[in-house]
Amino acid sequence: MKETQTIERKQESIVSATVISGAEAIVKCLLAEGVDVLYGYPGGAIMPVYDELYKYEAKIHHVLTRHEQGATHSAQGYARISGKVGVAMATSGPGATNLITGIADAQIDSTPMVCITGQVASHLLGSDAFQETDIVGISTPVTKWNHQITKASEIPEVIAKAFYIAKSGRPGPVLIDITKDAQIEKFDFEYKKCTGIRSYNPEPAVDAAAISQAAQLINAAKKPLVVWGQGVILGEAEEEFKAVIEKAGIPSAWTILGASALATKHPLNVGMVGMHGNYAPNVLTNECDLLIAIGMRFDDRVTGDLKKYAKQAKVIHFEIDPSEIDKNVKADVAVLGSAKQSLALLLPHLNINTHTEWHQKFKDLYAVEYEKVIKKDLYPTKEGLTMGEVIQEINLLTKGDAAIVSDVGQHQMIACRYSEFNKTKSNITSGGLGTMGFALPAAIGAKMAAPDRDVIAIIGDGGYQMTIQELGTIFQTKVPVKIVVLNNEFLGMVRQWQELFFDKRYASTELINPNFVAIAKGYHIEGQKVTKRSELKGAVAEMMACDGAYFLEVCVEKQGNVFPMIPTGASVSDMRLS
């Protein structure tokens, strides 16, 4: 759905009319949508809006990030932990294009975000004016919707529509590009929230027949397996999901974005699926007789070779986005609609079951994985520190109540595999796009949205240096995030592939790193470096006890690998334990 379509809106929450500038109208629209914090970086084409923000600083907290990419990732972190729409803002040209990585990340991970960019004056459009770029054209493939405003009178309706589209149905990012003359022009302002758009059906009605068919398959199954994704969290369906699997006694596995919807230690939680997931749920995907996918999209990192994925099983797919049905895996029963409503309707139709023998298979394979992988990761006997034991030490102190914001790479897989979660919306990471540099700014946004929670960023030494400048944002805002850099002096995941598949040709993956602790202290952030196992427990305790931001560098083994692993193009049945 793009701007050329006819728009009809249901309306509510009318803000009385008054004559104001387009720039002030933007701020008033944000206030009407409940925005209390936004992330951005000023520049010439967006300066009128910043001038108005200055006047409203008591109502909207603008966070000056050190790079526009940092603004989008902070908005993502804010949205992911709060469930609200994150907001980022930038000027035209390079300011706008610097948002694209975060927008693309939000699109593939279904994160609700509204980005506002300034643009050159409307009479200069198409003239290659200073800092002019076609940001609408550039962002079209990676936004849920975008629109360029050239008249001030368009601002209220377009912004209302932007927030509605970003949050409704399957969430995603929206970009609004506003010319400078539209920001300056005055008009009769009136704001009406958008509650519906003709031809846009964000939440399909649940089909009772599909529910009945799904229930029949579940009740008849001898070896059912649930794989759930972020749709459970986005749909606020955690309680309904838990009730369904508990009544039917179904072992349930998660994608990395679905993690934390069910407590890690819940007896029906059998671990993570995917390339570096747990052994049992991956291998037994190809033994189950019924695969129940809930709010997940059968990403290639989950399925491996599609030609060999769950071919023996019937498939039920619970999904809010019709485009995901049959896209990668053919569904025998498709249940369209929100997970919350679908699962609530399903529950009364299910028989009580336990599947004791089937569960034992998961326990047996977990025991194999524990001996060959987990014990070595969490309780190593060799000298070098492992990433797993760092996560384990954090678990012991946080008791599973912290929000973990991970970057991308080996540390991400270790953090997702071993972090303990008691609360939903606790695992914040870049899933589909795999954006290095995500974690530090995302942790800033997450902590601002959830000031009463411990927020810990787990980052590799490579990704950390992609957005390290956001330490300046932490220093200026005093946001008390905890930063843990697991330093192996390599681009670890790439190095692992080079070891396994490229005859140990470590091309351009070894890093010569700076003094990370000194850099943190340059931003007046307390920190320390750990090189020995004997130092780890005390250092993590000191970090968690610190009232402000804290930086902890842990030097881990240089050439450690993450297992289990499904090689690219292999079947989930071919998962390697070493």
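Both backbone and side-chain heavy atoms feed into the values below; hydrogens, waters and symmetry mates do not. All of these numbers come straight from a predicted model, not from anything done at the bench.
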Any donor-acceptor pair under 3.5 Å linking the side chain of [X] with the backbone of [Y]?
X	Y	result
R170	P322	no
D407	A439	yes
K167	V85	no
K247	L347	yes
E369	Y279	yes
Q69	G102	no
N395	G400	no
K314	D332	no
S74	P441	yes
W228	G258	yes

For a 4.5 angstrom cut-off between non-hydrogen side-chain atoms, does [X] reach [Y]?
X	Y	result
M565	W497	yes
I456	M544	yes
D401	D454	no
P224	I218	no
L262	E238	no
D289	Q312	no
S110	L234	yes
K372	F563	no

[X] side, atom [atom1]; [Y] side, atom [atom2] - distance, nearest 0.5 Å:
X	Y	atom1	atom2	value
K423	S260	NZ	OG	11.5 Å
I292	I316	CD1	CD1	5.0 Å
E389	D377	CD	CG	9.5 Å

Solution key, residues 267-277 side-chain donor-acceptor pairs under 3.5 Å, sequence neighbours excluded:
unit_1: N269; atom_1: OD1; unit_2: W254; atom_2: NE1; d: 3.0
unit_1: N269; atom_1: OD1; unit_2: G271; atom_2: N; d: 3.1
unit_1: N269; atom_1: ND2; unit_2: A263; atom_2: O; d: 3.2
unit_1: H276; atom_1: ND1; unit_2: V562; atom_2: O; d: 3.3
unit_1: H276; atom_1: ND1; unit_2: P564; atom_2: O; d: 3.1

With sequence neighbours left out, which residue pairs that include part of residues 388-434 fulfil the ring-ring contact (aromatic ring centres under 6.0 Å, His included) condition?
->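 Not a single pair qualifies under ring-ring contact (aromatic ring centres under 6.0 Å, His included).
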
Whether over 12 other heavy atoms sit under 6.0 Å from [X] [atom1]:
X	atom1	value
E239	CD	no
R453	CZ	yes
Q360	CD	yes
E246	CD	yes

Establish, from distance only, whether the side-chain atoms of [X] and [Y] form a donor-acceptor pair under 3.5 Å.
X	Y	answer
R297	T255	no
T435	D105	yes
D109	T111	no
N427	S419	no

Do NZ/NE/NH1/NH2 and the carboxylate oxygens of E324 and K327 come within less than 4.0 Å?
->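 A salt bridge links E324 with K327.
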
Please walk me through it: do E33 and K193 pass side-chain contact (heavy atoms from CB on, under 4.5 Å)?
-> CA-CA 8 Å; E33 291 292 343; K193 277 195 174 184; 3.7 Å; yes

Would you call the rings of H317 and F298 parallel, tilted or perpendicular, where under 30° means parallel and over 60° means perpendicular?
->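 Correct class here is perpendicular.
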
Under the side-chain contact (heavy atoms from CB on, under 4.5 Å) criterion, do V226 and F241 qualify, and how do the steps go?
-> CA-CA 10 Å; V226 164; F241 169 70; 3.8 Å; yes

Please test R417 against M387 for side-chain contact (heavy atoms from CB on, under 4.5 Å), starting from the C-alpha separation and ending with a verdict.
-> CA-CA 11 Å; R417 280 175 55 82; M387 295 183 182; over 6 Å; no

Test side-chain contact (heavy atoms from CB on, under 4.5 Å) applied to F362 and N278, step by step = CA-CA 10 Å; F362 287 87; N278 292 104; over 6 Å; no

Test salt bridge (Lys or Arg N to Asp or Glu O under 4.0 Å) applied to E157 and K161, step by step = CA-CA 6 Å; E157 183 173 5; K161 183 183 175 188; over 6 Å; no

Could you point out which residue of N282, N286, D305 forms a side-chain hydrogen bond (donor to acceptor under 3.5 Å, both in side chains) with S573?
->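 When side-chain hydrogen bond (donor to acceptor under 3.5 Å, both in side chains) is applied between S573 and each of N282, N286, D305, only N286 qualifies.
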
